Amino acid sequence: MRVVMIAPPGAGKGTQGGLIAAHFGIPHVATGELLRDHVARRTDLGRSIEGHLDRGELVPDDVMMDVVRMAFVDAKAGSGGYVLDGAPRTMDQARAGYVIARELGMLADVALHLRADDHELMRRLLARADLEHRSDDTERVIRKRLKVYHRMTHPLVAWYAQRGILVPVDAMRPAEQVSRDILAALDARRPLVGDVRE
Ligand code: ADP
């Protein structure tokens, strides 16, 4: 099973991505986590993107595509499945990711769209800020991340709908109800064993 997740900050990508990964036995590739890990380890990449993360801005597409390509190569060496949480986040990333995935025979089966309104997202992220202390969970930076989502990422929903792989889920409800819907929808779209694709 190969899944990409399109969701605004606070919709529950991380939680649901982890559950999907456990259910199907596939790697959970969370781009935000990978980037924060680079920052924490003070790698060259981490130092170059720290400011973007703190301001709630996207890191440059070329940096991101290197990260995604490596994740696809690793996933291909494993079971061949993945749940990609956090990318693509721009139309350019979606197009570039499509080319990379097609070359590797790793095209997504499902684009999962978690839907929630800004008011609820803000409420959740501010609640999380007290627990997790992420540098980008302040009210000002959350507003910026939501704005970036609406402007840059949300247009991808129509693109995936055109490709016929979009699965929208109402993420306003409690996490257990959301995950029940997600797993039912994904099980119904599970590719057949031995399914050969380009
Ligand atoms: P959230 O969705 O809650 O904002 P993430 O952990 O997915 O959290 O992302 C945190 C930050 O990491 C983003 O605000 C952005 O700076 C960076 N980031 C993650 N994925 C991408 C991506 N695909 N393209 C550009 N920047 C990204």
Side-chain angles (χ1 to χ4, degrees), residues 3-21 27-41 43 45-72 75 82-101 106 108 111-157 159-160 169 171-172 175 178:
V3 182
V4 298
M5 301 179 86
I6 306 297
K13 289 194 302 296
T15 306
Q16 302 299 343
L19 287 168
I20 295 166
H28 176 203
V29 181
T31 56
E33 294 286 335
L34 292 172
L35 299 176
R36 280 190 290 280
D37 183 56
H38 274 279
V39 172
R41 289 188 290 118
T43 64
L45 174 73
R47 278 198 292 266
S48 73
I49 60 167
E50 186 167 15
H52 294 82
L53 265 69
D54 286 349
R55 291 188 298 270
E57 291 167 6
L58 297 182
V59 309
D61 285 342
D62 55 339
V63 171
M64 209 50 235
M65 293 330 290
D66 285 345
V67 172
V68 168
R69 181 188 290 277
M70 277 188 288
F72 277 151
Y82 59 80
V83 51
L84 183 56
D85 148 4
R89 242 166 158 113
T90 65
M91 272 314 298
D92 282 348
Q93 288 182 15
R95 293 194 197 94
Y98 182 82
V99 171
I100 295 171
M106 297 286 280
L112 191 64
H113 176 211
L114 303 186
R115 309 173 56 169
D117 68 38
D118 281 10
H119 183 74
E120 170 68 6
L121 297 168
M122 178 60 85
R123 192 190 63 72
R124 290 183 189 177
L125 290 166
L126 287 176
R128 180 175 87 182
D130 293 336
L131 303 170
E132 283 187 19
H133 305 295
R134 249 173 68 168
S135 62
D136 59 353
D137 277 350
T138 62
E139 183 163 351
R140 192 167 57 86
V141 178
I142 292 168
R143 279 195 200 292
K144 169 81 182 204
R145 283 154 60 207
L146 287 170
K147 208 163 132 189
V148 168
Y149 172 80
H150 289 298
R151 189 178 325 138
M152 308 294 289
T153 309
H154 191 77
L156 273 62
V157 168
W159 191 73
Y160 284 112
V169 171
M172 295 281 284
V178 177

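The structure displayed is predicted, hence computed values, not measured ones. Hydrogens, waters and symmetry mates are skipped; everything else that's a heavy atom, side chains included, is used. Whatever order the structure lists them in is the order used to number ligands and atoms, beginning at 1.
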Looking only at atom types and distance, does a side-chain atom of Glu50 sit under 3.5 Å from a main-chain N or O of Gly46, one as donor and one as acceptor?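 Not at all, since once roles are kept as given, no pair shorter than 3.5 Å links the two residues.
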Charged N to carboxylate O under 4.0 angstrom, Arg134 versus Glu132?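 Judged by the 4.0 Å cut-off on N to carboxylate O distance, Arg134 and Glu132 do not form a salt bridge.
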Pair Arg95 + Asp92, salt bridge at N-O below 4.0 Å: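 Salt bridge present between Arg95 and Asp92.
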Can Val59 and Ile49 be said to form a side chain to side chain contact (heavy atoms under 4.5 Å, CB included), step by step? CA-CA 6 Å; Val59 309; Ile49 60 167; 3.9 Å; yes
Every pair of nitrogen or oxygen atoms between ligand 1 and the protein that is under 3.5 angstrom apart - can you list them with their distances to 0.1 Å?
from     : atom 1 : to     : atom 2 : distance (Å)
ligand 1 : 2 (O)  : Lys13  : NZ     : 2.4
ligand 1 : 2 (O)  : Arg89  : NH2    : 3.0
ligand 1 : 3 (O)  : Arg145 : NH2    : 2.8
ligand 1 : 4 (O)  : Arg89  : NH2    : 3.3
ligand 1 : 4 (O)  : Arg145 : NE     : 3.0
ligand 1 : 4 (O)  : Arg145 : NH2    : 3.2
ligand 1 : 6 (O)  : Arg36  : NH1    : 3.0
ligand 1 : 6 (O)  : Arg36  : NH2    : 3.1
ligand 1 : 7 (O)  : Arg89  : NH1    : 3.1
ligand 1 : 7 (O)  : Arg89  : NH2    : 3.4
ligand 1 : 8 (O)  : Arg134 : NH2    : 3.1
ligand 1 : 9 (O)  : Arg89  : NH2    : 3.4
ligand 1 : 16 (O) : Glu57  : O      : 2.6
ligand 1 : 20 (N) : Thr31  : OG1    : 2.8
ligand 1 : 20 (N) : Gly86  : O      : 3.3
ligand 1 : 20 (N) : Arg89  : NH1    : 3.2
ligand 1 : 23 (N) : Gly86  : O      : 2.9
ligand 1 : 23 (N) : Gln93  : OE1    : 3.0
ligand 1 : 24 (N) : Gln93  : NE2    : 2.8
ligand 1 : 26 (N) : Val59  : N      : 3.0

Suppose the criterion is ring-ring contact (aromatic ring centres under 6.0 Å, His included): which pairs have a residue in residues 126-151, not counting sequence neighbours?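 Found Tyr149-His154.
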My understanding is that only one of Leu156, Val148, Leu58 makes a side chain to side chain contact (heavy atoms under 4.5 Å, CB included) with Thr90; could you say which?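 One option only clears the test, and that one is Leu58.
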